[in-house]
Amino acid sequence: SELPRFFQAGRHGELKKYNINEFRAKDWYKLGYDLANPKKKIKCFKKAVALDPLHGPAWHFLGSIYNGMGDFKMEKFCNQKALEAYKAGLQRYRRKITKEEWNIRNEETKKDEMSSMSFPKPTYDVISSIDTEIDDILENLARLYWNMAELEKAAECYDRLIELYPNWASPHRARGEIYVRLGEHLKAIDDLRFAVEDNHADFKSYYLLGMSYSIIGNADRSKWYFRKAKSSAENSPDSIDAAEVRADSSYELEDYGYSIDCYKEILKRNPKNTYAWNKMGEAHLAKGDNKQAKRCFEKACKISQSKNSNDGVGTP
């Protein structure tokens with residue numbers, strides 16, 4: 001009964017006061033979600049998936065953490081496990097099978113390759129993420145496909161969500177961004193307009209609308225949406241996403257000086273942001289400052305080479 005207060009208060013240093021032997025997968029997942037230290041998060045999520053190998057969100061977060069650490073082998077492994085878990089959730093939702101059946105299936109999965117990846121020995125807590133509602137399963141699965149660069153499959157998940165909940169703006173917003181990345185700009189415009197009608201402060205959707213209208217050749221609408229994106233993003237001064245939208249929108253509006261200032265703001269927070277270095281170089285180039293542009297491009301190249309040298313290197 002004390003666990004909810006413990007988690008809400010964030011008193012992770014008091015963990016020793018609790019009998020962690022009684023923790024279930026959902027408790028380890030919640031603790032890992034709340035912690036800030038990546039190594040501690042990994043330990044908690046590993047505990048969660050050892051207790052429940054079908055805990056998709058825990059596998060999913062593990063993949064994201066390993067990606068940030070440059071351990072792409074482990075990221076791929078965890079993403080595949082998350083994919084299996086989410087698909088299992090969908091299957092269970094469709095067939096409405098019993099927990100007794102899932103107990104049998106869990107027993108059958110004990111011999112999988114997980115033990116070779118240095119995870120804790122699984123004990124199989126069957127209070128699983130497979131009991132999640134269908135909207136959560138589909139949304140998580142869509143995000144995972146997105147992370148794995150399988151955008152068409154991600155779009156299909158959002159299609160199903162929109163069929164189930166046609167007035168829910170979030171899947172429209174996400175599917176609109178996918179359509180932009182896939183180059184299907186007329187479809188993107190329909191979804192993104194739905195999103196901004198629901199949320200007039202949605203600066204990212206305004207920016208993507210500006211990009212789509214620009215690509216299909218409607219310059220007036222494009223500029224209107226870029227201005228709208230810029231002004232909306234100014235209302236979120238602490239958001240890194242808003243800073244990026246301000247920078248990109250200003251660049252598209254040919255306000256290169258302000259755009260450079262915004263990219264500098266981004267780089268103060270993350271000096272290794274290659275996107276910001278590249279875009280700042282483009283802005284300097286547009287202003288005719290070739291020397292500064294060259295410096296920015298060289299910096300972006302140096303960071304990229306450093307990252308690439310670590311690709312695929314990781315110890316399970």
Side-chain angles (χ1 to χ4, degrees), residues 7 23-34 41 44-67 75-110 112 114 119 122 124-179 181-182 191 194-195 198:
F7 285 130
F23 268 30
R24 308 194 80 152
K26 61 183 180 180
D27 301 321
W28 283 113
Y29 171 75
K30 182 65 169 67
L31 180 60
Y33 184 86
D34 288 344
K41 290 173 83 73
C44 290
F45 290 140
K46 280 187 175 182
K47 290 282 190 181
V49 298
L51 288 167
D52 175 11
L54 290 175
H55 200 303
W59 284 115
H60 198 156
F61 272 104
L62 272 170
S64 299
I65 296 169
Y66 282 121
N67 173 273
E75 179 199 10
K76 183 178 179 180
F77 173 81
C78 293
N79 283 347
Q80 185 59 41
K81 284 294 183 181
L83 183 60
E84 291 171 11
Y86 291 146
K87 285 183 175 179
L90 286 176
Q91 185 181 17
R92 183 180 188 277
Y93 182 86
R94 285 195 297 267
R95 295 183 56 200
K96 304 291 185 184
I97 66 177
T98 65
K99 284 188 178 179
E100 287 73 20
E101 289 177 282
W102 276 105
N103 271 320
I104 295 171
R105 293 193 182 197
N106 281 343
E107 289 296 325
E108 291 173 350
T109 62
K110 284 186 178 180
D112 68 14
M114 186 173 66
F119 280 90
Y124 293 81
D125 175 0
V126 191
I127 304 301
S128 171
S129 59
I130 57 177
D131 292 322
T132 308
E133 295 297 327
I134 186 64
D135 54 327
D136 292 328
I137 296 170
L138 284 169
E139 195 168 20
N140 285 333
L141 185 57
R143 291 192 184 111
L144 180 62
Y145 277 133
W146 193 326
N147 291 346
M148 296 169 72
E150 297 186 35
L151 296 182
E152 291 86 354
K153 291 182 179 179
E156 289 174 5
C157 293
Y158 288 121
D159 289 343
R160 294 185 61 188
L161 272 173
I162 290 167
E163 287 175 10
L164 290 168
Y165 308 101
N167 295 321
W168 187 15
S170 178
H172 282 281
R173 182 178 297 110
R175 189 175 68 174
E177 183 170 352
I178 289 174
Y179 282 145
R181 292 169 181 254
L182 292 173
D191 273 334
F194 188 101
D198 175 74

Can you name the salt bridge (Lys or Arg N to Asp or Glu O under 4.0 Å) partners of E150, sequence neighbours left out? K153
All heavy atoms of D52 vs all of A25, minimum pair found to be CB-CB, 3.6 Å
Mind checking the SG-CG spacing from C157 to L144? Nearest 0.5 Å is all I need. 9.0 Å
Salt bridge check, R160 against E156: does any charged N sit closer than 4.0 Å to a carboxylate O? no
Report the residues that fulfil side-chain contact (heavy atoms from CB on, under 4.5 Å) with A48, sequence neighbours left out, ordered by chain and then residue number. W28, Y29, A58
Does K81 form a side-chain contact (heavy atoms from CB on, under 4.5 Å) with V49? I'd like the steps, not just the answer. CA-CA 10 Å; K81 284 294 183 181; V49 298; over 6 Å; no
Can you sort out the partners of E177 under salt bridge (Lys or Arg N to Asp or Glu O under 4.0 Å), two or more places apart, ordered by chain and number? R181, K204
For the student: nearest non-hydrogen atoms of F61 and Y33, plus distance: CZ-CE1, 3.5 Å
Pairwise distance CG(L31) to NZ(K41) - rounded to 0.5 angstrom: 9.0 Å
For Y165, is the OH atom crowded, meaning more than 12 foreign heavy atoms sit under 6.0 Å from it? yes
Side-chain heavy-atom pair N147, H60 within 4.5 angstrom cut-off: yes
Contacts of D135 meeting salt bridge (Lys or Arg N to Asp or Glu O under 4.0 Å) (sequence neighbours excluded), chain-then-number -> none
Find the distance between CE (M148) and CD (Q80) and round it off to the nearest 0.5 Å. 5.5 Å
OH on Y86 to CG on N140, rounded to 0.5 Å: 3.5 Å
Taking only residues two or more places apart in sequence, or in another chain, which ones meet D198 in a side chain to side chain donor-acceptor pair (under 3.5 Å)? none
Could you work out, with ring-ring contact (aromatic ring centres under 6.0 Å, His included) as the rule, every residue matching Y158, not counting sequence neighbours? none
Mind listing the closest non-hydrogen atom pair of A142 and A154 along with its distance? O-CB, 3.5 Å
Strictly distance-based, threshold 3.5 Å: is any side-chain N or O of W59 a donor or acceptor partner for the main-chain N or O of P53? yes
Show me the donor-acceptor pairs, under 3.5 Å and distance only, between side chains in residues 168-176 and residues at least two apart or in other chains.
from: H172; atom 1: ND1; to: D191; atom 2: OD1; distance (Å): 2.8
from: H172; atom 1: NE2; to: P166; atom 2: O; distance (Å): 3.2
from: R173; atom 1: NE; to: D202; atom 2: OD2; distance (Å): 2.4
from: R175; atom 1: NE; to: D191; atom 2: OD2; distance (Å): 2.7
from: R175; atom 1: NH1; to: D159; atom 2: OD1; distance (Å): 2.7
from: R175; atom 1: NH2; to: D191; atom 2: OD1; distance (Å): 3.0
from: R175; atom 1: NH2; to: D191; atom 2: OD2; distance (Å): 3.4

Are the side chains of L83 and L141 in touch, meaning some heavy atoms are under 4.5 Å apart? yes
Measure the CG-CZ distance between N167 and F194 for me, rounded to the nearest 0.5 Å. 5.5 Å
Are the side chains of L151 and Y145 in contact, using a 4.5 Å heavy-atom criterion? no
